[in-house]
Amino acid sequence: MRSIQTFLILTILIVFNHNLFAQTMEMDLWQNGIPNSKEHADYKEIPIMEDGQLVKTSQVTNPTLSIYKPEVANGTAVLILPGGGYKHLSMHKEGTNIAQWLNSLGITAVVLKYRLPSDAIMENRTIAPLQDAQEAMRTIRRQAADWGIESKKLGVIGFSAGGHLASTLSTHYMDEVYKLTDNQSCKPDFAMLIYPVITMKEEFTHQGSKSNLIGDDPKESLVKSYSNEDQINKETPPTILIHALDDKSVPYENSVMYFDALQENNVPSEIHLYQKGGHGFGLDENGPSSNWPEACEQWLRTNSFID
């Protein structure tokens with residue numbers, strides 16, 4: 001009986017450790033002070049936990065990186081930017097779940113818990129998410145050798161508003177939005193944009209993301225700058241876009257506009273438009289758009305980002 005109990009305990013521990021899928025560490029993003037920040041004693045992060053796991057969070061004050069290593073790494077890494085309308089972060093469905101999928105492909109996954117725009121704790125709320133995304137890419141490149149990453153195979157994946165941030169990172173990587181301490185590049189080598197917000201223009205924008213990032217009545221210069229379909233050039237990273245035609249939150253035209261601009265600039269790109277799927281489907285295994293991860297995997301292989 002005792003041997004059976006021991007076997008069961010070991011089995012449970014093995015399954016438990018497997019389910020952690022090798023999260024190696026969590027670290028503060030900024031090591032020497034968070035730029036563009038100001039004190040607000042009553043402004044605290046609001047995490048939502050389920051079964052001991054962070055599912056959603058808002059009012060982020062201290063951005064972090066969570067690094068997940070696969071059992072056998074292939075040298076490719078992807079920075080994950082969860083969505084949530086620049087109001088909250090979907091840390092499980094569009095964060096840790098995505099890390100697990102990427103790990104299954106041999107890809108090192110890094111989830112960024114980034115600051116969400118707020119006048120309460122920021123001097124300029126419009127640049128704070130981009131500051132965090134740029135520094136995240138630079139941090140991964142600084143650690144590339146230690147983490148087993150090839151510095152030229154570092155991509156980004158973003159969902160919804162996280163897709164807007166990923167496309168901003170892909171088109172605004174030359175913007176100096178904080179004081180640099182080295183010459184590490186923050187340019188992604190490739191991007192995967194999943195039901196992304198792209199434009200800030202009135203007809204097709206996601207109003208919540210727009211209002212939270214640049215305000216209810218923004219200057220036209222901000223609308224132009226953060227309408228990322230207008231910021232693409234021939235140096236923009238190769239990109240795959242995923243969207244559902246029946247998305248009622250973020251119109252599929254967001255992805256189409258970005259794809260069209262990529263094509264006009266001869267940037268290697270691909271788009272998958274699903275008849276149904278709605279918004280925020282994540283890794284839904286039973287949904288009509290559920291094969292998008294396989295499409296992304298094939299695209300990564302086609303472009304030699306994975307073998």
Side-chain angles (χ1 to χ4, degrees), residues 6-29 49-55 63-82 89-114 133 136-159 162 166 188-194 237-238 240 242 281-287 290-307:
T6 301
F7 173 78
L8 290 173
I9 291 171
L10 288 173
T11 301
I12 290 170
L13 288 174
I14 290 170
V15 171
F16 178 75
N17 287 331
H18 175 74
N19 286 339
L20 289 180
F21 53 91
Q23 179 179 2
T24 58
M25 62 181 293
E26 180 178 292
M27 60 182 287
D28 290 343
L29 175 64
M49 310 291 293
E50 290 182 9
D51 299 323
Q53 187 168 42
L54 180 62
V55 174
T64 62
L65 294 174
S66 295
I67 300 91
Y68 298 86
K69 291 188 176 182
E71 291 184 9
V72 180
N74 58 19
T76 301
V78 170
L79 175 66
I80 302 171
L81 305 177
L89 297 178
S90 181
M91 294 297 295
H92 180 61
K93 182 169 69 171
E94 297 170 353
T96 52
N97 265 5
I98 304 305
Q100 186 172 21
W101 161 59
L102 291 169
N103 280 179
S104 75
L105 303 179
I107 296 171
T108 301
V110 182
V111 180
L112 173 62
K113 183 173 73 173
Y114 55 92
M137 293 295 288
R138 292 188 171 107
T139 298
I140 297 169
R141 283 206 167 93
R142 291 184 196 111
Q143 301 297 326
D146 291 339
W147 294 354
I149 296 167
E150 296 181 34
S151 61
K152 297 299 184 181
K153 290 187 175 182
L154 174 53
V156 64
I157 186 170
F159 298 78
D189 296 305
F190 60 89
M192 297 180 282
L193 307 181
I194 318 301
I240 184 171
I242 306 292
F281 42 79
L283 290 176
D284 180 10
E285 295 180 358
N286 300 312
S290 60
N291 69 337
W292 71 263
E294 287 78 10
C296 286
E297 178 184 352
Q298 183 56 57
W299 180 80
L300 290 170
R301 296 188 190 282
T302 298
N303 288 277
S304 301
F305 293 119
I306 60 175
D307 296 328

Considering only heavy atoms from C-beta outward, does the side chain of [X] approach that of [Y] to under 4.5 Å?
| X | Y | answer |
| --- | --- | --- |
| Gln143 | Ile67 | no |
| Trp101 | Ile107 | no |
| Thr64 | Leu29 | no |
| Val110 | Ser66 | no |
| Leu79 | Pro188 | no |
| Trp292 | Met192 | no |

Considering non-hydrogen atoms only, spot the tightest contact between [X] and [Y] and give its length.
| X | Y | answer |
| --- | --- | --- |
| Met27 | Thr139 | CE-CG2, 4.0 Å |
| Thr108 | Ala73 | OG1-CB, 4.3 Å |
| Val111 | Ala99 | CG2-CB, 4.3 Å |
| Leu283 | Pro293 | CD2-CG, 3.6 Å |
| Pro82 | Ser90 | CB-O, 3.5 Å |
| Phe190 | Ala77 | CZ-O, 4.1 Å |

For the backbone of [Y] and the side chain of [X], can you confirm whether one donor and one acceptor N or O come within less than 3.5 Å of each other?
| X | Y | value |
| --- | --- | --- |
| Asn74 | Thr76 | yes |
| Tyr68 | Ile98 | no |
| Ser290 | Asn286 | no |

Straight-line distance of [X] [atom1] to [Y] [atom2], nearest 0.5 Å:
| X | Y | atom1 | atom2 | answer |
| --- | --- | --- | --- | --- |
| Leu54 | Thr96 | CG | OG1 | 8.0 Å |
| Leu300 | Leu105 | CG | CG | 7.5 Å |
| Asn97 | Asp284 | CG | CG | 11.0 Å |
| Glu26 | Lys113 | CD | NZ | 6.0 Å |
| Phe305 | Leu154 | CZ | CG | 10.5 Å |
| Ile194 | Ile80 | CD1 | CD1 | 11.0 Å |

Can you tell me if Glu285 has over 12 outside heavy atoms packed within less than 6.0 Å of its CD? no

